[in-house]
Trainee: 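Below are the structure tokens for one structure; questions will follow.
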Amino acid sequence: MSSAATTVAQSQQPQPAPPAETPPTTGRPEDGAAARQAPDYSSYRVVAAKHPWRWVGTAVVALGVLAVAWSLATNPRWEWGVVAQWFTAQSVVNGLVETLKLTAISGILGFVLGFVLALMRLSASPLLVSVSWTFSWIFRSTPLLVQMLLWYNLGYLYEKISLGIPFTDVRFFEVQTTTLISQFAAAVLGLTLNQAAYSAEIIRGGILSVDQGQLEAAAALGIPAWRRSTRIVLPQAMRAILPTAFNEIIGLVKGTSIVYVLAYSELFYTVQVIYNRTQQVLPLLLVATLWYIVITSVLSVFQYYIERHYSKGAVRNLPLTPLQKARKFFATHAAVPTRRNF
Amino acid sequence: MTETLTAPAATRGLVEITGVRKSFGATEVLKGVSLTVEPGGVAVIVGPSGSGKSTLLRTINHLEKVDGGHITIDGQLVGYEIRGDRLHELREKAILKQRTGIGMVFQNFNLFPHLTALENVAEAPMVAQGRSKAEARRRGLELLDRVGLKDRADAYPRQLSGGQQQRVAIARALALDPKILLFDEPTSALDPELVNEVLDVIRELAKSGTTLIIVTHEMGFARDVADTVVFMDQGQIVEKGTPQDIFSNPQEPRTRSFFSKVLEPAFNI
């Protein structure tokens with residue numbers, strides 16, 4: 001009954017006249033006498049919708065980009081020659097190595113300590129929870145610069161550091177604080193503890209993002225607690241942890257520049273020393289900046305592939321990597337280079 | 001010493017629940033529930049939402065700790081051991097070992113999304129039973145074949161339909177050769193046309209001699225597969241009996257009023 005009504009309604013609408021070369025469409029036998037042929041649009045050419053404002057926007061932005069590039073290339077005060085001269089100078093490369101060393105050591109130690117702090121925060125013991133909370137509270141509330149100077153000047157507060165049993169006279173060893181806390185040690189200590197406070201929150205957030213049902217299913221299957229964390233929870237938590245964790249690591253790369261207050265010769269302090277001597281301030285800052293950009297770019301590539309690894313099963317089909325996309329592009333276009341099919 | 005009630009081999013999968021109580025905060029969700037399921041028996045628990053069905057199921061493998069009463073499986077206490085005149089709570093390791101004898105299938109499947117179907121099934125035998133990887137995979141493929149999904153062994157859960165996911169979850173629960181299987185509303189999260197493929201697998205299991213305890217809203221299935229139907233309301237067992245007794249001739253007014261709401265003839269529109 002309703003199908004008949006639809007047919008009537010449709011037949012009242014103006015029908016497009018089929019172009020002459022249209023092949024006859026097949027009528028459906030079940031439509032009976034009232035059958036009418038559905039209009040065939042297959043011979044029409046499809047014209048894509050036009051977006052004039054998109055072109056205007058593209059032109060404006062392209063002009064802006066061009067202007068910036070032009071000024072970078074032609075303004076002699078950027079002194080690209082000086083930049084090129086210092087970019088791979090031995091002292092700069094040494095500073096770069098120190099920066100990478102600080103980043104790697106305090107990044108790894110910071111995330112390990114952060115992981116422990118996150119587990120403490122999620123434990124059932126109120127003492128562990130409050131110690132972890134207090135740690136994050138203190139180290140997130142004080143400027144990194146202050147922490148760094150405090151660690152370096154620890155010898156002023158405590159002349160000697162000793163290991164023994166608290167509240168007794170038993171001492172296993174004792175050293176002068178100033179010999180123990182070198183510039184490097186103060187830098188690593190400051191960066192690590194600060195990093196741990198932030199990464200603890202990131203890891204905790206990641207663990208909380210995993211559905212409780214996952215833990216229940218694992219427990220119901222008799223999977224032990226350690227395996228539950230490493231095999232079931234962490235791989236899933238990584239998806240939430242990784243983007244923010246890489247943010248932190250990239251922040252840490254540049255955060256190491258604050259170590260210049262300890263006169264520790266990492267990348268930033270090194271270029272400062274050089275431009276104080278040569279007075280070529282901007283080009284040398286540019287040298288440091290370019291290196292920071294290089295490090296961040298490499299890290300971003302790592303981030304892409306590591307995130308992709310942990311997205312297994314989270315998306316139905318993994319998207320192609322840029323490399324795979326490029327290969328596919330050349331495979332489909334290289335054979336018929338002149339054909340433009342879009 | 002602790003096993004005063006050593007079970008004879010024939011009673012594999014006997015579940016005895018005695019006076020179990022459980023509260024969440026101020027609400028008492030189980031108010032003294034007692035139920036015996038014979039080895040190889042199929043008990044189906046029905047009742048309105050919030051009646052405590054799922055909680056009761058979860059106490060059987062100690063996912064919920066009971067506040068009172070006790071549960072035994074083949075005469076062995078779940079979650080506790082007797083030492084002298086005291087019940088000592090078992091350590092995590094011992095509880096995990098007990099759970100390997102009890103498979104559980106969840107409403108939301110709870111498959112591990114980052115592992116393939118086969119890896120989901122093979123994980124517990126490797127970790128909880130110490131089987132080799134090759135052996136666990138071979139057994140996993142057998143089980144996936146049994147639920148009709150051998151050809152999807154390398155698919156990730158999100159690449160499977162709801163019904164297929166639940167069948168993988170059933171294969172996973174079977175991987176430890178449990179003597180008891182618990183089903184917590186196994187078809188509630190499924191589209192109607194996918195319900196039957198899961199129920200068919202459970203029907204097969206009902207013939208296998210494994211003790212099944214099933215919480216469900218599928219009354220037709222309950223009538224079909226159960227040898228005991230248990231009606232729960234407000235944390236208590238109101239009535240239990242054969243499907244014939246409970247569905248055709250309920251004694252309690254609460255049972256009657258519940259079935260009058262859920263057993264409406266289906267195609268009466």
Side-chain angles (χ1 to χ4, degrees), chain A residues 1-2 115 119-120 122-125 128 203 205-243 245 303-321, chain B residues 54 57-58 60-64 91-117 119-130 154-161 165 168-169 172-178 180-182 184 189:
Chain A
M1 186 192 106
S2 67
F115 181 62
L119 292 186
M120 284 167 69
L122 292 168
S123 82
S125 153
L128 294 185
I203 293 169
I207 292 174
L208 287 180
S209 75
V210 178
D211 181 36
Q212 186 66 23
Q214 293 288 310
L215 276 176
E216 276 189 358
L221 285 167
I223 297 172
W226 177 249
R227 180 87 175 171
R228 281 205 294 267
S229 318
T230 56
R231 172 79 164 162
I232 307 299
V233 176
L234 265 187
Q236 296 185 59
M238 285 305 261
R239 270 181 61 71
I241 293 173
L242 279 173
Q303 175 176 7
Y304 178 83
Y305 282 96
I306 295 176
E307 277 183 19
R308 199 178 136 82
H309 171 77
Y310 281 103
S311 69
K312 256 191 315 181
V315 286
R316 286 188 186 206
N317 292 302
L318 279 180
L320 295 178
T321 64
Chain B
S54 290
L57 205 66
R58 292 157 57 85
I60 297 173
N61 65 355
H62 208 64
L63 277 184
E64 299 288 356
R91 283 163 182 271
E92 166 96 3
K93 208 175 169 185
I95 291 173
L96 289 174
K97 190 157 180 291
Q98 280 191 336
R99 285 197 187 127
T100 59
I102 312 166
M104 186 156 189
V105 175
F106 298 86
Q107 181 177 351
N108 299 318
F109 327 135
N110 288 344
L111 287 177
F112 307 130
H114 59 301
L115 304 181
T116 64
E119 286 168 342
N120 264 280
V121 180
E123 175 70 12
M126 284 195 293
V127 185
Q129 290 181 327
D154 293 323
Y156 286 97
R158 284 205 179 88
Q159 296 167 329
L160 300 171
S161 74
Q165 288 188 49
V168 172
R172 183 176 71 171
L174 287 171
L176 295 168
D177 299 310
I180 298 155
L181 274 172
L182 310 174
D184 188 4

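A, B, ... follow the sequence lines: proteins, then strands. Residue 1 opens every chain.
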Trainee: With only heavy atoms counted, which part of B:P113 is less than 4.5 Å from chain A, the side chain, the backbone, both or neither?
Mentor: both
Trainee: I need the contact set between residues 222-230 of chain A and chain B: heavy-atom distance under 4.5 Å, sorted by residue number.
Mentor: A:G222, A:I223, A:P224, A:A225, A:R227, A:R228
Trainee: So does A:G313 get a backbone contact from the side chain of B:R158, meaning a donor-acceptor N/O pair under 3.5 Å?
Mentor: yes
Trainee: Once salt bridge (Lys or Arg N to Asp or Glu O under 4.0 Å) is applied, what residue pairs with a partner in residues 207-219 of chain A remain, sequence neighbours excluded?
Mentor: A:E216-B:R58
Trainee: Strictly distance-based, threshold 3.5 Å: is any side-chain N or O of B:N61 a donor or acceptor partner for the main-chain N or O of A:A220?
Mentor: no
Trainee: Pick one of side chain, backbone, both or neither for B:N108, based on which atoms fall under 4.5 Å of a heavy atom in chain A.
Mentor: neither
Trainee: Below 4.5 Å from any heavy atom of chain A, which atoms of B:L115 appear? Answer side chain, backbone, both or neither.
Mentor: side chain
Trainee: What pair of heavy atoms forms the shortest contact from A:A217 to B:F106, and how long is it?
Mentor: CA-CE1, 3.6 Å
Trainee: Measuring from atom NE2 of B:H114 to atom CD1 of A:I232, what distance do you get when rounded to the nearest 0.5 angstrom?
Mentor: 5.0 Å
Trainee: Looking only at non-hydrogen atoms, find the nearest pair between A:A219 and B:L63 and report the distance.
Mentor: CB-CD2, 4.2 Å
Trainee: Just so I understand: if I count every heavy-atom pair under 4.5 Å between each of B:E123, B:Q98, B:K93, B:R172 and chain A, which residue has the most?
Mentor: B:E123
Trainee: Checking A:R239 against chain B: side chain, backbone, both or neither under 4.5 Å from a heavy atom?
Mentor: neither
Trainee: Measure distances from B:I102 to the heavy atoms of chain A and classify the residue's part below 4.5 Å as side chain, backbone, both or neither.
Mentor: backbone
